[in-house]
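Here's the structure, in structure tokens; my notes come after.
Indexing begins at 1, ligand by ligand and atom by atom, following the structure's order.
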Amino acid sequence: MANMLVAGNWKCNKLWNEAELFVDELSQILAQGDGQGQFCEVMVAPPSPYLAAFAQQFDGPFFVGAQHCSHQSMGAHTGDFTAEMLASCGVDFVILGHSERRADHSETDEMVAAQIRAALDAGLRTILCCGESLELRKLDEHFDWVKRQITAATTGLTPDEMAHVDVAYEPIWAIGTGVTASSAQAQEMHAFIRAVLAELHGDSVASDTRILYGGSCKPSNAAELFACQDVDGGLIGGAALDPESFAAIVAAARGVLSPS
Ligand code: PGA
């Protein structure tokens, strides 16, 4: 299994001066824990206006991620930006298919597939988000839903390209609600996602693909979630806004913080 990844998704939060303070504090805390436990990659995805400065100014101990890129090429698309633009200013990762983008910006499976294609062509690493609503889970349609999302986004990608795709399972009912999926629910879906990846791309890609959990993951539950066999890290929203809680989640992924 590859290294763990803990990725912070700031969404639409923090002013620039707050972002600078965060970077200073996080860098200091992470430096203290350096070398402890197993290696864990860390990524921070600030709002888009800060990306170039983040990537170029801060030599922090984390990768820089965007929260979106366009499914279209450069041209007359006011307000939009491409994966190539992100890569050209030093961004490493892009989060794609987040449920908030699917809901707020009507992003379809086809658009998400085109974004992944563009991001991989630009040399970016991608985090593909999937996850069901509470209604779908109650109807017992959550497995079909997630399978459809993964199939639509990754069909046709080569094993080399899949090496640059992490999947994030984010049940919509757990995002920002304080309700976390139980470790049993997370493990069940993560194992299912790995089986879907094996069906689509073969066993080796399936076992090498990181599957992150996202949805009210915080210091108090991270260690238990990360202890699940098929949970390879987390995509963190609210708890990623505070350097101490984000660093505690990184410590949990390193195995330094035990399940409480
Ligand atoms: P949350 O968000 O941790 O605030 O639930 C996770 C996400 O949406 O990526």
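Under the 4.0 Å criterion applied to side-chain N and carboxylate O atoms, E107 and R102 are not assigned as salt-bridge partners. Under 4.0 Å is where a charged nitrogen must lie from a carboxylate oxygen, and between D232 and R194 at least one such pair does.
Contacts with ligand 1 closer than 4.0 Å are made by heavy atoms of both the backbone and the side chain of I175.
Heavy atoms of other residues, nucleotides or ligands lying less than 6.0 angstrom from CG of D203 number 12 at most. The local environment of NZ in K147 is sparse, with at most 12 non-hydrogen atoms from other residues, nucleotides or ligands closer than 6.0 Å.
The ligand atoms of ligand 1 that sit less than 4.0 angstrom from a heavy atom of G215 are 5 (O). Of all the atoms in ligand 1, the ones that sit under 4.0 Å from a non-hydrogen atom of H98 are 7 (C), 8 (O), 9 (O). Within ligand 1, counting atoms from 1 as listed, the ones closer than 4.0 Å to a heavy atom of N9 are 9 (O).
At the shortest separation from atom 7 (C) of ligand 1 among protein heavy atoms lies E170 OE2, 3.1 Å. Looking only at protein heavy atoms, the nearest one to atom 2 (O) of ligand 1 is K11 NZ, 3.2 Å. Atom 4 (O) of ligand 1 has its closest protein heavy atom at G238 N, 2.8 Å.
Relative orientation of the F54 and F62 rings is tilted, given thresholds of 30° and 60° on the angle between their planes.
Where the criterion is an N or O separation shorter than 3.5 Å, residue side chain and backbone included, I236 fails it with respect to ligand 1. In terms of N/O distances under 3.5 Å, ligand 1 is approached by G237. Considering backbone and side-chain N/O atoms, G176 comes within less than 3.5 Å of an N/O atom of ligand 1. Distances between N or O atoms of T177 and those of ligand 1 include no value under 3.5 Å.
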What's the verdict on salt bridge (charged side-chain N to carboxylate O under 4.0 Å, His left out) for R148 and D109, showing C-alpha distance, side-chain angles and the deciding distance? CA-CA 9 Å; R148 199 208 68 229; D109 281 340; 2.8 Å; yes

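The shortest heavy-atom distance from A239 to ligand 1 is not under 4.0 Å. Taking 4.0 Å as the cut-off, A174 counts as a neighbour of ligand 1 on heavy-atom distance.
Between the side chains of T154 and H201, at least one donor N or O lies within less than 3.5 Å of an accepting N or O. Between the side chains of E170 and H98, at least one donor-acceptor pair of N or O atoms lies under 3.5 Å.
Ring to ring, W10 and Y50 are not that close: their centroids are 6.0 angstrom or more apart.
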